[in-house]
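In what follows, a single structure is set out as structure tokens and then discussed.
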Amino acid sequence: MIAIVIHGGAGTINKAKMTPEKQKNYELALQKATEVGYDLLKMGQSALEAAEAAVRSMEDSPLFNAGHGSVFTHEGKHEMDAAIMCGKTLQAGAIASVQGIQNPICLSRAVLGHSNHILLCGTGAQAFAQTQGFELVADDFFDTDLRKRQLKRIQDSQKTQLDHSEEDTKFGTVGAVTLDQQGNLAAATSTGGMTNKRYMRIGDSPIIGVGTYANNATCAVSCTGHGETFMQYVAAYDLACLIAYKSLSLKEAGDYLVHQKLPKKSGGLIALNTKGEIALPFNTSGMYRAWMRSGEKLRLEIF
Ligand code: ASP
């Protein structure tokens, strides 16, 4: 059994603003990312490889709040967070508040594979990136008109927003969980964080056990939503604990965490276990998600 599940963020674009063309573009981007990861799994590549590739594909799309389409900080810059974890070894790599890295998920993978650390941030992560041959790109590489409008609207309001505005309520973080032919799990998450964030704010995504977690004994999980809330609930690890300590099924654990514990409208998650079972609970208006398992067709849902 091989499997991949991806998300392109909890929440949805306001129906009035969602044209069939926009919807199609989102669907194509989700389909592409799922297939990129699935094809690697089919070729016998590792769960880590597939999760990284799927997330990278979404980072390259301007539609999602990760990599190229990352939101603006209060100062009009882009600071990105990302993490990746191997369910077999519990090795993990993460970067936070990093500028100028085109594919933050690849830098996380480099932290996992080529450093003695798990979480690097800011200019330190940039310096490490350069030792690994990553090229820094100019900050305006990440500028997109949608994010510019979102920042303008709230710039003086002292608020931070989750890729969320009056015209859309979409949190655009991306993530993937994968199961490879060897029966190993991996999880990966990447985000530009919150529009108008300040003081090098870091969200849940790069925090192992909060926005991202993988352990073959329980599940692989990638979260999306209000980062501060997910930190308060230690969301990803809590899901694993519900399975390990309470013997809940993956679906029961996901439903309990997202619908009973987390506050309403705070977000959602994607999760996968070594049996190939999946859970995709969310308590927002929707969550961009797609999945594919051996012997099944690709499935894609937004609402
Ligand atoms: N969880 C992310 C953060 O708070 C945002 C998101 O999921 O869109 O940084």
Side-chain angles (χ1 to χ4, degrees), residues 5-13 26 30 55 58-59 61-74 77-84 94-99 104-105 108 119 121-122 142 144 146-147 150-151 154 159-165 168-177 187-213 221-239 257-258 262-263 265-271 280-289 302:
V5 188
I6 66 162
H7 72 77
T12 52
I13 287 185
Y26 275 105
L30 290 170
V55 166
M58 290 185 280
E59 286 178 341
S61 162
L63 296 174
F64 304 103
N65 172 21
H68 185 43
S70 290
V71 297
F72 282 91
T73 65
H74 183 74
K77 303 263 179 233
H78 306 275
E79 292 169 359
M80 294 158 287
D81 301 338
I84 189 161
I95 52 122
S97 246
V98 170
Q99 297 188 12
I105 199 63
S108 301
L119 175 58
C121 74
F142 305 97
T144 56
L146 167 69
R147 307 299 180 205
Q150 289 176 338
L151 176 67
I154 60 165
K159 278 192 210 148
T160 49
Q161 287 200 5
L162 284 154
D163 183 15
H164 167 116
S165 70
D168 64 59
T169 52
K170 175 160 160 25
F171 308 22
T173 290
V174 305
V177 289
T189 313
S190 180
T191 186
M194 296 163 79
T195 300
N196 206 28
K197 64 184 181 181
R198 302 179 82 167
Y199 312 120
M200 296 180 81
R201 176 263 185 191
I202 294 167
D204 60 311
S205 310
I207 312 292
I208 297 303
V210 179
T212 308
Y213 187 69
V221 49
S222 169
C223 302
T224 170
H226 187 256
E228 281 69 6
T229 306
F230 278 71
M231 287 192 227
Q232 287 169 325
Y233 287 82
V234 199
Y237 189 61
D238 198 55
L239 183 79
L257 173 61
V258 172
L262 291 174
K265 298 195 176 155
S266 55
L269 59 86
I270 54 169
L280 314 122
F282 53 93
N283 58 32
T284 44
S285 55
M287 182 171 74
Y288 289 61
R289 58 204 186 279
I302 290 178

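Numbering starts at 1 and runs along the sequence shown. Every number for a ligand or one of its atoms is a count from 1 in the order of the listing.
Counted by atom type alone, Thr224 and Thr173 present zero donor-acceptor pairs between their side chains at under 3.5 Å.
Panel note: side chain Asn65, backbone Gly192; a donor-acceptor pair is recorded below 3.5 Å.
In this structure, Met287 does not count as a contact residue of ligand 1, since none of its heavy atoms falls inside 4.0 Å of the ligand. Residue Gly9 places no heavy atom under 4.0 Å from ligand 1.
Close contacts of ligand 1 with Thr173, meaning ligand atoms under 4.0 Å from a residue heavy atom, involve 2 (C), 5 (C), 6 (C), 7 (O), 8 (O). Distances below 4.0 Å separate heavy atoms of Thr224 from the following atoms of ligand 1: 6 (C), 7 (O), 8 (O). Atoms of ligand 1 lying under 4.0 Å from any heavy atom of Asp204, numbered from 1 in the order shown and given with element: 1 (N), 2 (C), 3 (C), 4 (O).
Of the candidates Ser222, Gly267, Gly225, the one placing a heavy atom closest to atom 2 (C) of ligand 1 is Gly225. Comparing heavy-atom distances from atom 4 (O) of ligand 1 across Met194, His226, Arg201 singles out Arg201 as nearest.
For the side-chain contact (heavy atoms from CB on, under 4.5 Å) with Arg201, the lone residue among Glu79, His74, Glu228 that qualifies is Glu228.
Evaluation of the ring-ring contact (aromatic ring centres under 6.0 Å, His included) rule for Tyr233 yields no partner, not counting sequence neighbours. With sequence neighbours excluded, the residues that form a ring-ring contact (aromatic ring centres under 6.0 Å, His included) with Tyr213 are Tyr237.
Of the polar atoms of Cys223, none of the N or O atoms is found under 3.5 Å from an N or O of ligand 1, judged by distance alone. Taking any N or O of Gly227, backbone or side chain, at least one lies under 3.5 Å from an N or O belonging to ligand 1.
Tyr26 and Phe64 have perpendicular rings, their planes meeting at more than 60° on a 0 to 90° scale where under 30° would count as parallel.
Taking the six-membered ring for Trp and the full ring otherwise, the centers of Tyr288 and His7 sit at least 6.0 Å from each other.
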